[in-house]
Amino acid sequence: MNDYIVEMRHITKRFPGIIANNDVSIGIRKGEVYALLGENGAGKSTLMSMLFGMYEPDGGEILVKGKPVAFHSSTDAAACGIGMVHQHFKLVEPFTIAENIVLGTEPEEKKLGILPWVNIRKANRQISELSRTYGLEVNPTDRITDVPVSVRQRVEILKMLYRSAEIMIFDEPTAVLTPQEIDFLLKIIDNLRNGGKTIILITHKIAEIKRIADRCAILRQGRLIDVCDVAETSVQELADLMVGRQVQFTQEKTAPDFREPVLEVQHLTVKNEHRFDVVKDVSFSIRGGEIFAIAGVSGNGQGEIADAVAGLAKAASGRVLLNGKDITGLSVRDRCLAGLSYIPEDRQETGVIPDMTLQENLALREYYKPPFSRKGILHGEAFRSYADKLIGTYDIRCAQGPDTVLRSMSGGNQQKAIIGREIEEQSALIIFVQPTRGLDIGAIENIHRQILRERERGAAILLISLELEEIMALADTIGVLYRGELLKTEAAEKMSTQEVGRYMMGVRKA
Amino acid sequence: MKKKKLFLPRLLTRRYASLGVSVLAVLLMFATAGILLLTIGRNPLDALRSFLQGCGIIAKEKYGGGSGQLTDLMDFLNFLAPMILASLAFITAFKAGLFNIGISGQMLLSGFAATVLVGYNKGLSVYLAKPAVLLTGLLVGGLTGILVGYLKFRFNIHEVVSTIMINYIISYLTGFLINSNYVDMMTRNSKICSPEAGLTLTNVMIGGMKCKIPLALIAAILAALLVSFLFRKTVLGLEIKAVGQSRRCSEYTGIRVSRTILISMGLSGAIAGLAGVAYYLGYTNSIVPKSLPGIGYDSISVALLGNSAPIGSIFAALVVSVFQQGANYMSSSVGVAKEIASLITGILLLFAACGNYMKYRAERKMQQAADSLPVSGNPPAAGGRAAKGAEKP
Amino acid sequence: MNKVFTDGLSFALPLLIMAIGTLYSEKSGVTNLAVEGFQGVGAFFGALAATLMTPLTGAGSQAIIYLAILCAAAGGAVFSCIHGLLCIRFRANQVISGVVINILSVALTAFFTSAANSAISGSASNKFVLDVSARFSVPFLCEIPWIGGLFTAMYPFEIIIAVLAAVMWYLMNRTKFGMRLKACGENPQAVDAAGASVTRIRWAAVIISGALSGIGGICFAYSLLGNFSPSIYQGFGYLAIAAMIFGNWKIGPTTLACLFFGLAKSGGLQLCIAAQLPSKYTDLFLLLPYVLTLLLLIFFSKKNRPPKAAGEPWDKSKR
């Protein structure tokens, strides 16, 4: 007999071509915070998706409160008191908060005894009460479109509470939050634990585990490596277990060698499709050999700044200068020719054409120039030899060489292809937006090394990232963006993580 | 045993995958049409034979004076020319991610313009009239296409909706103009256009058989080669394909998306215009007012069946045209309503539209077969589908 | 003047019910260009039922009309399963599927109309002739100055459609089903995570859209044509889609758009008659709705916000 509220025994799950979970067994006690630690792709989310009924395991069994269960959908899991906050929130944007929370378990009543209708007012009241009880203040009638990320996350937590879940799974809950918001969230998780809830925390951030978790299971390549008591294990030990080798936490960064200003952004304002200012009067400049990092919570105008500099979004006012030349009115292509490279945030949507081959994708910046084409006629040989060269230089793994269809490559290798293509241009300015999102530690290290190498070459680098750690590790200068305004610009060594975090939340004076 | 089971999946995933899908669609179509004919008490093989006989591909039992198998075959080729052109028009827009459902309208308008401007202009010599017809078709069709492209990127109007509206506008407008100015009181159609302007030479005697010589077929084959070249070998073709597959990435790369949309819609319209003159000044020689040519819609089946490959569409056009052109003879000899031709085309279209799903299922099957092999210690090397799965969960 | 309102309404309401059909499908995340085909096939089944039943009830029986409407709804619903199969089950491109269905429906009805006619009467006519529907005027309301025409010489189906439209509005905006359906078109993952079946909701939406379009089709056959023939395919389905776009995927504004189309069409025709133009000019006035649609689309398309997930096949294994 044991006191496990959830037990997963010998779980195996295959996806086409890969074993996501290989004979994993874990047991979770009632009322504890149980962390699942592992790199991207280690199989943490898959394992929990099975507990939440979104996948069915190919082998093994799941026990909840001692009884074997077979979940076919998340409804089954919810019926057993299991709830989950997904990494990508599952919210309907034009709906109100209350509508989102009740979706699936709507309070349906019968008007005049026959006409079914959803009593949304009643739901509003219930949710207000619930949110006060747990310190998760929200206004049930606000629409999701109008509320920030941290509130959206509260809505997800309220969804679980509304369904009176006892076992709560959090999938990378801190990835999108500022340090202060993370503190708040961890406090709430602590409250929930004290209220008798069982918490499962999926994360790759060891610091959070040390702060909140009781026990921690470590997964690597789909296998369970170890389960340890968090209090008795050091950060370094956890890290080594997670990666399977010695981890270097910081990159070697050479002393700065700043040159002439390369990019100057003056009073830039960008409007979105609703004619709303998403970037307001932003000015900064980047010198050659300098990494200028923009920190900020997701959706505060970072993407728009990058797009406006690269020419994908129109500047409503202000100027962008590259090497002293005004490029505000230039087309995307002319800006590239003037010395601009751009690694966009959305790899699949923007960075590549997934259904084209690797060689075509690698030549996207060059195809219209000789030797790739002459007088509008393409030369296949040039594409192939260029691709061969880049595949070698940037270690791009591809099954069929230059003819590999991009869609079939892994995210990490797609990113290698994009970065290779952009760096190969030897541009004066390189924009990196979220360059390491969703990649494992090895790939992240590799990309950080490349960014630093470009800095040494003398390129100006605009780095936009949601990962504060990444910014602190790489930046020479940090600008903090809040609601489209650059609140603070300061040399990196003069700012602490906490300070940056405060500006990210819109506090003007640190 | 296992090998045999995987034959079909293999056919659909390997190098000739698209051909496999097309062949499968045609086979399924034959099966469905066969069942349909059996249920109404007709022999499907008889029907198929008479379809082929109607097109002069196999000989009929007897022929009238002055005509023969060659006569039918040339008639068939005369029909094939606009069909190929129309499907090329669809392909050209489709590669840019646009559905040109307005090919019928573009055909009608350019056919009408060429008929009125050139076909009724008696003074022109053969050498002037025929190029003028082609040019009118290209221009009028191209401009109509450009209009659709403009509405698309400037005002965000879905091209399917706008082309359908324009189809009806063209249909009523040309109908009105024909009825008020150019109607032949006997046939209720527009007056026949002059032989100088016609793209088909009529009443040519070959081996004692009266034949038509469709000059437009040469244009159609040339166009297929050109379109094929465009998409395989040129910067413009690459850009059109890029826009069709990822508009966002195309913008990011610096391709002028709106210009590319205009060009591809313009080209599509221009080729549809060629199809229009080939149809109205070659195949029919007059215009039925307020009636859109069915070829415009059949071309969609052809393009999908040919997996939107320009050369492939020539063969797909052969298949579809057999049913359209052979329908009359089949109807009279087997006694099934000739509307079944369109029905068969529709069924073919239905299966062709499922092509991607077939391919997807086949890939899944292959993958499962690969997975069920004993797994060695290491996961498959990075790259391939394996690593994609690894990154996703 | 009264005639403008009378005819306008009898055109607008079938258009409206088709637009609501499309709207249901699109709100659930299935792009639906197939209404044109749905309404044609629906009308075919309705007209077939009417033709088959007439010898039993005798000509002129009004009950047949209601039967025809029922059969049209059923026929449209059954036929819409092809769209569901292609879009939901086979994850085909939804625009292609719509176009395919429209082409298929024309061929299908043409073939089976002549097949059915030769089986019934021996002549392979491409038409089913329908009885004339009785019309009525609402007492008192029809005497209101200016807008009295709206309540004059009404078809019974207009009442049915108006009631149905109200029910569909209620279903969409006040019930559990409607809420989930809208969520499916915005973020299917949210619906899945909430424990409802996206697939099932989308199927329901597509079938509803088929049934409603079928009703629209048979009403057109009765009011506009007086028969079922290939001329049922006049692009009314596309007009309905356009009306839905003007209505920004909301039932209320869509109703206004449909009324506008109806009045514009009947107004144009009455103008033509009033001006005593020769009959060939009617072609020019028949153009009017299509030209108006294009013009209106130019003004309205840019600002619109279609359902976010419309056009994307739902794949549970992809997240």
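Atoms considered below: every heavy atom in the structure, side chains included; atoms not considered: hydrogens, waters and symmetry mates.
The contact between B/K290 and chain C is made entirely by side chain atoms (from C-beta outward), counting heavy-atom distances below 4.5 Å. The part of B/L151 that comes within reach of chain C is its side chain, from C-beta onward, which places non-hydrogen atoms under 4.5 angstrom from that chain. Within the 4.5 angstrom heavy-atom criterion, only side-chain atoms of C/I241, from C-beta onward, approach chain B. Looking at B/L36, only its side chain comes within 4.5 Å of chain C, counting heavy atoms on both sides. Proximity to chain C (any heavy atom under 4.5 Å) is restricted, for B/I164, to the side chain, taken from C-beta onward. Proximity to chain B is limited to the side chain of C/L33, based on heavy atoms less than 4.5 angstrom apart. Of the two parts of C/N126, neither the backbone nor the side chain holds a non-hydrogen atom closer than 4.5 Å to a non-hydrogen atom of chain B. Looking at C/S97, neither its backbone nor its side chain comes within 4.5 Å of chain B, counting heavy atoms on both sides. C/Q234 touches chain B through backbone and side chain together, each having a heavy atom under 4.5 Å away. For B/I344, no part sits under 4.5 Å from any heavy atom of chain C, backbone or side chain. Heavy atoms of B/I340 lying under 4.5 Å from chain C belong to its backbone as well as its side chain. Contacts of C/I82 with chain B are made by side-chain atoms alone, with heavy-atom separations under 4.5 Å and no backbone atom involved. Heavy atoms closer than 4.5 Å to chain B are found in the side chain of C/I103, but not in its backbone.
Between B/F176 and C/Y281, the two ring planes are tilted [angle within 30° to 60°].
Annotation: side chain of C/L294 is in contact with side chain of B/I169 (closest heavy-atom distance under 4.5 Å). Side-chain contact between B/V160 and C/V95 is present, with heavy atoms from C-beta onward closer than 4.5 Å. Counting heavy atoms from C-beta on, the side chains of B/Y357 and C/L85 never come closer than 4.5 Å. In this structure the side chain of B/I170 never reaches within 4.5 angstrom of the side chain of C/Y290, judged on heavy atoms. Within the 4.5 Å cutoff, the side chain of C/T113 has no heavy atoms near those of the B/E339 side chain. Residues C/F111 and B/V336 meet the side-chain proximity criterion, which asks for heavy atoms closer than 4.5 Å. Within the 4.5 Å cutoff, no side-chain heavy atoms of B/Y297 are placed close to those of C/N102.
With chain C as the partner, the residue from B/L350, B/L349, B/N156, B/N167 showing the most heavy-atom pairs under 4.5 Å is B/L349. For the set C/L284, C/V106, C/L86, C/V291, the entry with the most heavy-atom pairs within less than 4.5 Å of chain B is C/L284. Most heavy-atom pairs under 4.5 Å with chain B, from the set C/S105, C/A92, C/G98, C/A110: that is C/A110.
Side-chain N or O atoms of B/Y168 include one that pairs as donor or acceptor with a backbone N or O of C/G235 at under 3.5 Å.
With rounding to the nearest 0.5 Å, the separation of CZ in C/R89 from SG in B/C354 is 11.0 Å. Taken to the nearest 0.5 Å, the CD1 atom of C/I298 stands 5.0 Å off from the CD1 atom of B/I157. Residue C/L295 holds its CG atom at 12.0 Å from CE of B/M165, rounded to the nearest 0.5 Å.
The 12-atom threshold is exceeded at NZ of B/K152, counting heavy atoms of other residues, nucleotides or ligands nearer than 6.0 Å.
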